Number of protein chains: 2
Amino acid sequence: MGVTSKQPTTRSRKSPEEVRSAVHQAVIDLLSASGGAELTIPAIAQHAGVNHTSVYRRWGSREALLADVVTTRLERDWPLDDTGTLRGDLIAWVRAGVASIRTTEGRLLVRAVALSMPSGPDAQADRAQHFRRRLHAVERIRERATARGETPPPLESILDQLVAPLYLRAIFGIEPPASGYPELLVDRLLDSTGAPGTD
Amino acid sequence: MGVTSKQPTTRSRKSPEEVRSAVHQAVIDLLSASGGAELTIPAIAQHAGVNHTSVYRRWGSREALLADVVTTRLERDWPLDDTGTLRGDLIAWVRAGVASIRTTEGRLLVRAVALSMPSGPDAQADRAQHFRRRLHAVERIRERATARGETPPPLESILDQLVAPLYLRAIFGIEPPASGYPELLVDRLLDSTGAPGTD
DNA sequence: CATCGTAAGCACAGATGTTTGCTTAGTGGC
DNA sequence: GCCACTAAGCAAACATCTGTGCTTACGATG
């Protein structure tokens, strides 16, 4: 072969960082393509151009790998803005979530959260902590509101009225209303707790 | 052996009905025991005392089997009462749901609904129909209310405010509030749609 | 009572996923 | 520049899942 400049073709081996990145991307790709059905470790490894033993040794199980990818991506793609008011923060957060689950990738990531959830009857603690992590943004918003002198709705209410609708729609692939959905959910939440007229 | 009365030990083979029943029970058992991790067809078949080929031929795939079990059980365990009023019907339905997801089995069944959901990007239609089936009860409640002259909240609102919280809690194993939860959810729903004060 | 169709069981084969021992490239400390 | 450490790659064994051809019990029908 008349190739004079040998580029780093000698790279017969990927660095740990490259492996991590390639595997993560492969998970995303396969998730988007087949929706999780074909999401097996050998398939992921092959798609990533990595030996499957590397994946087994690094992550141990499909569940752990999924959890890693999901955590990384969701924290990157579902940012937390500071708009100066409780209502604004909540709307911004829901809006980001809606945007996220409008994409196939986003939907499947959220779905993968459920899939990668520890499910045994004894894994209650694990599961709670796992889920807690997903609620980090919500807790931050509540803290900021309190610091400003606003009184945020209890976590349970936010769970039921903001988080739950988003997750349900993501998991079951139900399209959110075309417009005004974040405002609808947030105002419903704030009205129901701000104006208790039933006790 | 001094056994005089030979009970149907000659039953070397289970009837189709027995197979179905044993397999269903095995799915429930394994679901409750290991939470779905070990839920493989050979394991299910062995636990049911049935040849695994019978399961493969009858159901074809784990996904289909799960869907069958879930449908059967949920329709049996999550009944639909007629209380005479919209609010009563909704509360009764939510209450049954809450009771259901308080048990490990119920929680895992609901979770299995999500797990058995077709997930490919092209399975949108499948998914919608699948989910529709889960909403049958809600639609019946709405129809009855309409027939009585009441105006039920739109399906979307019920989805967001009743169905979503139940599913979220089931899937992630979050305990519902100890008391008054059904009433809380339903009244919140009816207030927010019944007394629109924002337009 | 004879016959037929259905579906369960059995044995076995092929594909796929999981794990281990070993070698070796890459990286940082001395 | 030498050495030790970490983690990737490779090959092969191992376990498990998936699917097929065949036989045969069971129930229905006449």
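Proteins get letters first, then strands, A, B, ... in listed order; numbering begins at 1 in each. Please read these numbers as outputs of a predicted model, since none were measured by experiment.
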With the criterion being N/O to N/O and under 3.5 Å, what pairs connect the protein with nucleotides 15-18 of chain C, and how long is each?
unit_1	atom_1	unit_2	atom_2	d
dG17(C)	OP1	Thr40(A)	OG1	3.1
dT18(C)	OP2	Tyr56(A)	OH	2.5
dT18(C)	O5'	Tyr56(A)	OH	3.1

Are OP1 or OP2 of dG9(C) and a side-chain N or O of Ser54(B) less than 4.0 angstrom apart?
yes
Just to verify, what does Arg132(B) make a side chain to side chain donor-acceptor pair (under 3.5 Å) with, not counting sequence neighbours?
Glu139(B)
In whole angstroms, the gap separating C1' of dA25(C) from CD of Glu17(A) amounts to 17 Å
Between atom NZ in Lys14(B) and atom P in dG9(C), what is the gap in whole Å?
7 Å
Would you indicate, yes or no, if dG19(D) has its OP1 or OP2 atom less than 4.0 angstrom from a side-chain nitrogen or oxygen of Arg57(B)?
no
If the condition is side chain to side chain donor-acceptor pair (under 3.5 Å), which residues does Glu183(A) pass it with, not counting sequence neighbours?
Arg95(A)
Between dG9(D) (P) and Arg58(A) (CZ): distance, integer Å
10 Å
Among dA8(D), dG9(D), dG9(C), which is the nearest nucleotide to the side chain of Thr53(B)?
dG9(C)
Could you list the residues that satisfy salt bridge (Lys or Arg N to Asp or Glu O under 4.0 Å) with Glu63(A), not counting sequence neighbours?
none
His24(A): what forms a side chain to side chain donor-acceptor pair (under 3.5 Å) with it, not counting sequence neighbours?
Asp68(A)
Rounding to an integer number of Å, can you tell me how far Arg13(B) CZ sits from dC22(D) C1'?
12 Å
Can you list every salt bridge (charged side-chain N to carboxylate O under 4.0 Å, His left out) pair that touches residues 97-106 of chain A, not counting sequence neighbours?
Arg73(A)-Glu105(A), Arg102(A)-Glu175(A)
Of residues 59-73 of chain A, the positions that come close to DNA chain C - non-hydrogen atoms, cut-off under 4.0 Å
none
Under the rule for side chain to side chain donor-acceptor pair (under 3.5 Å), what residues qualify as partners of Thr146(B), not counting sequence neighbours?
none
Degree of bending in the helix from dC1(C)-dG30(D) to dC30(C)-dG1(D) once both end axes are built from five pairs, to 10°:
20°
Scan residues 147-174 of chain A for pairs that pass salt bridge (charged side-chain N to carboxylate O under 4.0 Å, His left out), counting only residues two or more places apart or in two chains.
Asp82(A)-Arg148(A), Asp89(A)-Arg148(A), Arg148(A)-Glu150(A), Glu156(A)-Arg169(B), Asp160(A)-Arg169(B), Asp160(A)-Arg188(B), Arg169(A)-Glu156(B), Arg169(A)-Asp160(B)
Can you confirm whether Gln25(A) is buried at CD, in the sense that more than 12 heavy atoms of other residues, nucleotides or ligands lie under 6.0 Å from that atom?
yes
Working note: Thr83(B) + Asp81(B), criterion side-chain hydrogen bond (donor to acceptor under 3.5 Å, both in side chains); need CA distance, chi angles, decisive distance, verdict.
CA-CA 6 Å; Thr83(B) 66; Asp81(B) 297 333; over 6 Å; no
For Phe172(A), give me all partners under ring-ring contact (aromatic ring centres under 6.0 Å, His included), at least two apart in sequence or on another chain.
Phe131(B), Tyr167(B)
Residue pairs passing the ring pair (Phe, Tyr, Trp, His ring centres under 6.0 Å) test where at least one lies in residues 35-76 of chain A, sequence neighbours excluded:
none
Take atom CG of Asn51(A) and atom P of dT23(C), then tell me their distance rounded to the nearest Å.
17 Å
